Amino acid sequence: MGAKLHKWIDDRFGMNDLMEFVHHKTVPQHSRSYWYFLGGMTLFLFVIQVVTGILLLLYYRPSPDNAYESVQYIMAHVRFGWLIRSIHSWSANLMVFTAFAHMFSVFFLKAYRKPRELTWLTGMLLLFIVLGFGFSGYLLPWNTVSFFATKVGTDIAGQVPVVGRWIMVFLRGGEDVTGATLTRFFGFHVAVLPGLATALLLAHILLVQKFGMSVPPRVEEAWRKNPSDRREMQFFPNFLLRELMAWYLALAILGALAAFRPWDLGVKADPFAPAPAGIRPEWYFMFMFQTLKLIPGKIGPINGELVGILGFGLAGLFWMLLPFFDHGREGRGRRWVTGVGVFALGYIVGMTLYGYIAK
Ligand code: HEM
């Protein structure tokens, strides 16, 4: 029966070619191989988001009159609703963390260099989309913190020169954060961003398949000197089984977090109430938020916030185009790029911590 089914599929779809491909795929094995898990971990968390998100969609209602109450209903009355919502929220945060960690790991392993420029570029676009998921999802429960954080976030977007106002009105669906904003954010969160993410993910994974896993320059050099040290692991089943164990562990952590720290719902938003003190964005926007807070109102004749926004825009653009600046030259060229990466990581971590300590 098994052999017959195998032949049936093989006759039509060339199963043997697929098995051949799967058996030939290998992963370089060296002291830094564990960093290769982070991309797969981000992918796993993305799948968790899709599954739990679809389940939430069965009960969530995107309007100012119903959104908060529908989430309350999910938490209190839907069987395992509290678990699904908490996993969705915790997994979203974990996914942002693993996407950043994956980005910095491929940066320090120099995996963005030729021929992987487009793998890096599609990855950067995915990171922006992940942040977009976070920003749009934050508003959906329509609670006080999310309402005012969205007001502040879209206000900041409005400061961008020339197109800022247009971006703000486009995001809000009008001049203010209202029900129109909620409808829009819901559309971004459950249709636009998932569509874009799926297309980009496909491209990203296909590019990873095309070029295979990179080997860090230092390891490559050592292997060139001593070819007998070269080690590779079969992707299937050896690497995949290890990856599955990591996913299993992630699932256990998510389950524990959701059970012991169910995601808070807060107080329903009142658009007419004054903004409460100490409104903060999600932790992954904190480094930018804190920077903008520290910049003086005026730098010479120029608006200080504008300088900050332009600075982040240019830094993001530079980071995105990094593979085109660092082609893989040895020595000096390599060291300044590493320095930039160390600075960027230090800045993000430092400013985030400062944001929480300073309040
Ligand atoms: C939703 C977000 C993302 C997902 C699901 C994802 C998924 C993956 C997977 C499964 C791999 C192969 C395993 C590995 O190297 O870890 C990979 C490799 C890679 N990713 Fe991502 N990724 C994401 C975001 C990013 C970001 C933000 C960047 C950097 C800007 C990036 C750049 C790369 C590069 C350059 C590789 C090739 C690594 C190598 O050959 O050694 N990815 N990604």
Side-chain angles (χ1 to χ4, degrees), residues 25-51 53 91-135 137 189 193-220 223 232-236 238-244 246-247 250 284 315-328 337 340-341 344-345 348:
K25 186 172 164 54
T26 55
V27 176
Q29 203 176 349
H30 47 79
S31 59
R32 298 183 180 94
S33 295
Y34 46 84
W35 292 113
Y36 296 141
F37 283 116
L38 282 171
M41 183 59 83
T42 315
L43 187 61
F44 173 68
L45 294 171
F46 180 74
V47 174
I48 296 262
Q49 288 310 92
V50 173
V51 174
S91 171
N93 283 276
L94 228 60
M95 184 178 168
V96 175
F97 180 80
T98 58
F100 267 107
H102 172 52
M103 179 185 78
F104 275 110
S105 76
V106 294
F107 172 86
F108 287 114
L109 294 179
K110 309 285 179 198
Y112 54 83
R113 286 177 175 174
K114 187 184 168 191
R116 295 182 179 77
E117 296 92 337
L118 291 181
T119 321
W120 172 267
L121 217 59
T122 49
M124 276 303 286
L125 295 176
L126 277 168
L127 184 73
F128 292 138
I129 286 181
V130 169
L131 294 177
F133 268 120
F135 189 61
H189 195 76
L193 294 174
L196 289 175
T198 308
L200 278 166
L201 260 177
L202 263 169
H204 195 66
I205 305 290
L206 280 175
L207 286 165
V208 172
Q209 291 313 317
K210 164 108 182 90
F211 299 121
M213 301 306 301
S214 69
V215 178
R218 221 170 269 182
V219 176
E220 184 70 68
W223 283 358
E232 286 187 327
M233 186 192 283
Q234 286 280 336
F235 177 80
F236 184 84
N238 304 35
F239 188 79
L240 189 63
L241 281 175
R242 285 169 173 76
E243 182 106 58
L244 278 176
W247 293 356
Y284 38 88
L317 192 66
F318 168 77
W319 191 253
M320 204 163 150
L321 299 178
L322 192 71
F324 304 98
F325 295 114
D326 179 23
H327 311 281
V337 177
V340 169
L345 181 59
I348 291 175

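Counting starts at 1 for both ligands and their atoms, following the listed order. Note that the coordinates shown come from a computational prediction; the quantities given were computed from them, not determined experimentally.
Tyr112 approaches Val106 most closely through the heavy-atom pair CD2-O, 3.9 Å. Scanning all heavy atoms of the two residues, the minimum distance from Thr122 to Ala203 falls at CG2-CB, 4.3 Å. Shortest non-hydrogen contact noted between Leu126 and Ala197 is CD2-O, 3.9 Å. Scanning all heavy atoms of the two residues, the minimum distance from Gly341 to Phe104 falls at O-CE2, 4.0 Å.
Within 6.0 Å of the CH2 atom in Trp35, the count of heavy atoms belonging to other residues, nucleotides or ligands does not exceed 12. The number of heavy atoms from other shown groups lying within 6.0 Å of CZ (Phe97) does not exceed 12.
Taking 4.0 Å as the cut-off, Ile205 counts as a neighbour of ligand 1 on heavy-atom distance. Ligand 1 is never approached by Ser105 to a heavy-atom distance shorter than 4.0 Å.
Between Leu345 and Phe108, the closest side-chain pair of non-hydrogen atoms falls below 4.5 Å.
Under 4.0 Å from ligand 1, the heavy atoms of Leu201 that appear belong solely to its side chain.
The protein heavy atom nearest to atom 41 (O) of ligand 1 is Ser214 OG, 2.7 Å. Remark: minimum distance from atom 13 (C) of ligand 1 to any protein heavy atom is reached at Tyr36 O, 3.5 Å. Atom 35 (C) of ligand 1 has as its closest protein heavy atom Ala111 O, 3.8 Å. For atom 15 (O) of ligand 1, the nearest non-hydrogen atom of the protein is Met213 CE, 3.0 Å.
The atoms of ligand 1 that sit less than 4.0 Å from any heavy atom of Gly40 are 10 (C). Contact atoms of ligand 1 toward Met124: 30 (C) (distance under 4.0 Å to a heavy atom of the residue). For ligand 1, the atoms lying closer than 4.0 Å to a non-hydrogen atom of Gly212 are 40 (O). Near Leu127, meaning under 4.0 Å from one of its heavy atoms, ligand 1 places the atoms 27 (C).
Relative ring orientation between His204 and His102 is described as perpendicular, the plane-to-plane angle rising above 60° on a 0-90° scale split at 30° and 60°. Ring planes of Trp319 and Phe107: parallel class, angle under 30° (limits at 30 and 60°).
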Does the side-chain contact (heavy atoms from CB on, under 4.5 Å) test come out yes or no for Tyr36 and Phe239, once each step is laid out?
-> CA-CA 10 Å; Tyr36 296 141; Phe239 188 79; 3.9 Å; yes

Determine, stepwise, if the pair Phe46 / Met95 fulfils side-chain contact (heavy atoms from CB on, under 4.5 Å).
-> CA-CA 7 Å; Phe46 180 74; Met95 184 178 168; 3.5 Å; yes

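Within the protein, the N, O or S atoms lying under 2.8 Å from atom 21 (Fe) of ligand 1 are His102 NE2, His204 NE2.
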